[in-house]
Amino acid sequence: MTERTDDDDRGMDRGMGLKSAWSDRVQPLLPGLIIAGITALAAQFISDHYGAPAMLMALLFGIAVNFLSKEPSCAPGIAFTSRTVLRLGVALLGLRITYEMAASLGPALLGVAVAGVVTTIGFGIFIARFFGYGPRFGFLSAGAVAICGASAALAISAVLPKDDRSEERLVFTVVGVTVLSTIAMVLYPILTSALGFDTQLAGVFLGATIHDVAQVVGAGFSVSEEVGELATLVKLIRVAMLAPVILIASLIIRAQMKNAEGSGDKPPILPSFVVGFLVLVTANSFGLIPTAISELGAQVSRWALLAAIAAVGVKTSLKDVVDVGGRAIGLIVTHTLFIAVFTLGLLELIQLSR
């Protein structure tokens, strides 16, 4: 009979430890992760075959199975997907951006993109009070319009203090910016043609005003390949603004919590997913990440964000979204009109100065 050695005992202990970690940490998450994953796959299928926005489909499909959020076996995985998988997706967005992109635009056109983001967020926070909302919802909705639609809404929501309406307002914002972005994808190319914009001005306008990346690509390439490439570049510059916006928001939230409570847990100065975003942007800018890895990471980011928005939808009841009301629709439409008119004004000035 063979005697068991100390190495055998250590191997068994490691095996038991891995099994215990699987049982305690991973296994409880699986049902919710599978639900979010299947919902994301269904949304992508509809998007690929019928042209519907994938983010919007994931959200609506998630809301349709809201009853699953009440199941104790599903809740942990759904919460994990809407929180941790979301942060992973935002961090991996950094693989799509380099500092060279910003430099290639030139100071004037880069200034148009940056000014549009900053002024829209400032305007949104200010105007929210006239629609009966506080600065949090103003920041959430304006940030989504100004930066990158649903992805920005998810990232901003992750750092805002939570209340009993946070999920509903996030879902409403995602639906609103996605629908308006789709409308803009159709109308804005017609507008640039009517205004007589050349390739450069048309690309900057489309990239600086349409909310979601996919709709920017659709609008730009419907005009021409050159306009599409420039519009996508400008849009990615807006995506890069996510990191400084989150940083400033985190500092303001920490200061407010300190003044209100004097102590207690405060959000980090720079959330870990934003740190990851900046690290990946820097590494990508210096050519430290192979193209194949960068492209794979970008795909993982897209799927992670799609699964995260599906999970947010599962956690949200349709009645709660409807209860947000018409004032919220008016607020998001106002943000959209503001960034379009503001950007249009700047580009008209540039055109006149030529």
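Note that the structure is predicted; figures quoted are calculated from it, not measured.
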Next item on the list: Consider only side-chain heavy atoms of I, L, V, M, F, W and Y, link residues closer than 4.5 Å, and tell whether I147 and L280 are in one cluster.
Entry: no
Next item on the list: Could you check whether the rings of F130 and F126 sit parallel, tilted or perpendicular, using 30° and 60° as the cut-offs?
Entry: perpendicular
Item checked: Interatomic distance, I121 atom CD1 to M241 atom CE [nearest 0.5 angstrom] -> 7.0 Å
Check: Could you walk me through whether L109 and V234 pass the side-chain contact (heavy atoms from CB on, under 4.5 Å) check?
Finding: CA-CA 9 Å; L109 297 180; V234 173; over 6 Å; no
Check: T84 versus L88: any side-chain heavy-atom pair under 4.5 Å?
Finding: no
Next item on the list: Please report the shortest heavy-atom distance between A43 and A58, naming the atom on each side.
Entry: CB-N, 3.3 Å
Next item on the list: For the residue pair H211 and T178, establish whether any side-chain heavy-atom pair is separated by less than 4.5 Å.
Entry: no
Check: Do the non-hydrogen side-chain atoms of T232 and F221 ever get within less than 4.5 Å of each other?
Finding: yes
Checklist line | Nearest-0.5 Å distance that lies between atom CG in L242 and atom CG in L247 | finding: 11.0 Å
Next item on the list: Find out if a path of hydrophobic residues (ILVMFWY) with successive side-chain heavy-atom gaps under 4.5 Å connects I46 to I38.
Entry: no
Next item on the list: Verify, without hydrogens or angle tests, whether S181 (side chain) and D212 (backbone) share a donor-acceptor contact under 3.5 angstrom.
Entry: yes
Item checked: Under 3.5 Å donor-acceptor, K235 side chain and Q215 backbone -> no
Margin query: A side-chain contact here means heavy atoms from C-beta on lying under 4.5 Å apart; do L305 and V85 qualify?
Written below: no
Note to self: Is it the case that the side chain of T98 and the backbone of S285 share a donor-acceptor pair, with hydrogens and angles ignored and the cut-off at 3.5 Å?
What the structure shows: no
Item checked: Flag, side chain of R87 to backbone of R83, donor-acceptor distance under 3.5 Å -> yes
Check: Could R327 and F131 be counted as a cation-pi pair, given that NZ or CZ must be under 6.0 Å from the ring centre and within 45° of the axis?
Finding: no
Margin query: Minimum heavy-atom separation for S294 and I289, please, with both atom names.
Written below: N-CG2, 3.9 Å
Note to self: Once rounded to the nearest 0.5 Å, what's the spacing between atom OG1 of T81 and atom CG of L29?
What the structure shows: 7.5 Å
Item checked: Under 3.5 Å: donor-acceptor pair, side chain of D198, backbone of L201 -> yes
Notebook entry, point to check: Parallel, tilted or perpendicular for F123 and H335, by the 30°/60° rule?
Noted result: perpendicular
Item checked: Validation row: T173, F137 side chains within 4.5 angstrom (heavy atoms) -> yes
Checklist line | Connected via hydrophobic side-chain network under 4.5 Å: L93 and V216 | finding: yes
Item checked: Student check: side-chain heavy atoms of L140 and S157 closer than 4.5 Å -> yes
Notebook entry, point to check: More than 12 foreign heavy atoms under 6.0 Å from CZ of F286: is that the case here?
Noted result: no
Margin query: I'd like to know if the side chain of T343 reaches the main chain of A340, judged simply by a donor and an acceptor atom lying under 3.5 Å from each other, with no hydrogens or angles considered.
Written below: no
Check: Is a donor on one side and an acceptor on the other found under 3.5 Å between the side chain of S193 and the backbone of I190?
Finding: no
Notebook entry, point to check: Is there a side-chain contact between S224 and V227 (heavy atoms, below 4.5 Å)?
Noted result: yes
Check: Looking at T192 and A202, what are the two nearest heavy atoms and their distance?
Finding: CB-CB, 4.1 Å
Checklist line | Backbone of I246 reached by a side-chain donor or acceptor of S250 within 3.5 Å | finding: yes
Note to self: Keeping S69 on the side-chain end and N66 on the backbone end, is there a donor-acceptor pair under 3.5 Å?
What the structure shows: yes
Next item on the list: Could you walk me through whether F342 and I339 pass the side-chain contact (heavy atoms from CB on, under 4.5 Å) test, one step at a time?
Entry: CA-CA 5 Å; F342 179 82; I339 194 171; 5.7 Å; no
Notebook entry, point to check: I34 and F45: same hydrophobic cluster, using ILVMFWY side-chain contacts below 4.5 Å?
Noted result: no
Next item on the list: Quick one: closest heavy-atom pair of A128 and L331, and the distance?
Entry: CA-CD1, 4.0 Å
Notebook entry, point to check: How long is the gap from CG on L191 to CG on L206, to the nearest 0.5 Å?
Noted result: 9.0 Å
Next item on the list: State, to 0.1 Å, how close A310 and A36 come at their nearest heavy-atom pair, and which atoms those are.
Entry: CB-O, 3.9 Å
Checklist line | V174 versus A153, closest heavy-atom pair with distance | finding: CG2-CB, 4.1 Å
Checklist line | Side chain proximity check, I127 to F338, heavy atoms < 4.5 angstrom | finding: no
Next item on the list: Start with the C-alpha gap between F139 and V245, add the side-chain angles, then the distance that decides, and say whether side-chain contact (heavy atoms from CB on, under 4.5 Å) holds.
Entry: CA-CA 10 Å; F139 175 43; V245 167; 3.7 Å; yes
Check: Looking only at atom types and distance, does a side-chain atom of R238 sit under 3.5 Å from a main-chain N or O of A146, one as donor and one as acceptor?
Finding: yes
Notebook entry, point to check: What is the distance from atom CG of L41 to atom CD of Q44, rounded to the nearest 0.5 Å?
Noted result: 8.5 Å
Note to self: Count I, L, V, M, F, W, Y as connected when their side-chain heavy atoms are under 4.5 Å apart, and connections chain through other members. Are L337 and V177 then in the same cluster?
What the structure shows: yes
Next item on the list: I would like to know whether F172 and E168 meet side-chain contact (heavy atoms from CB on, under 4.5 Å); could you show each step before the answer?
Entry: CA-CA 6 Å; F172 191 91; E168 290 81 10; over 6 Å; no
Item checked: Straight-line distance of S141 OG to L170 CG, nearest 0.5 Å -> 11.5 Å
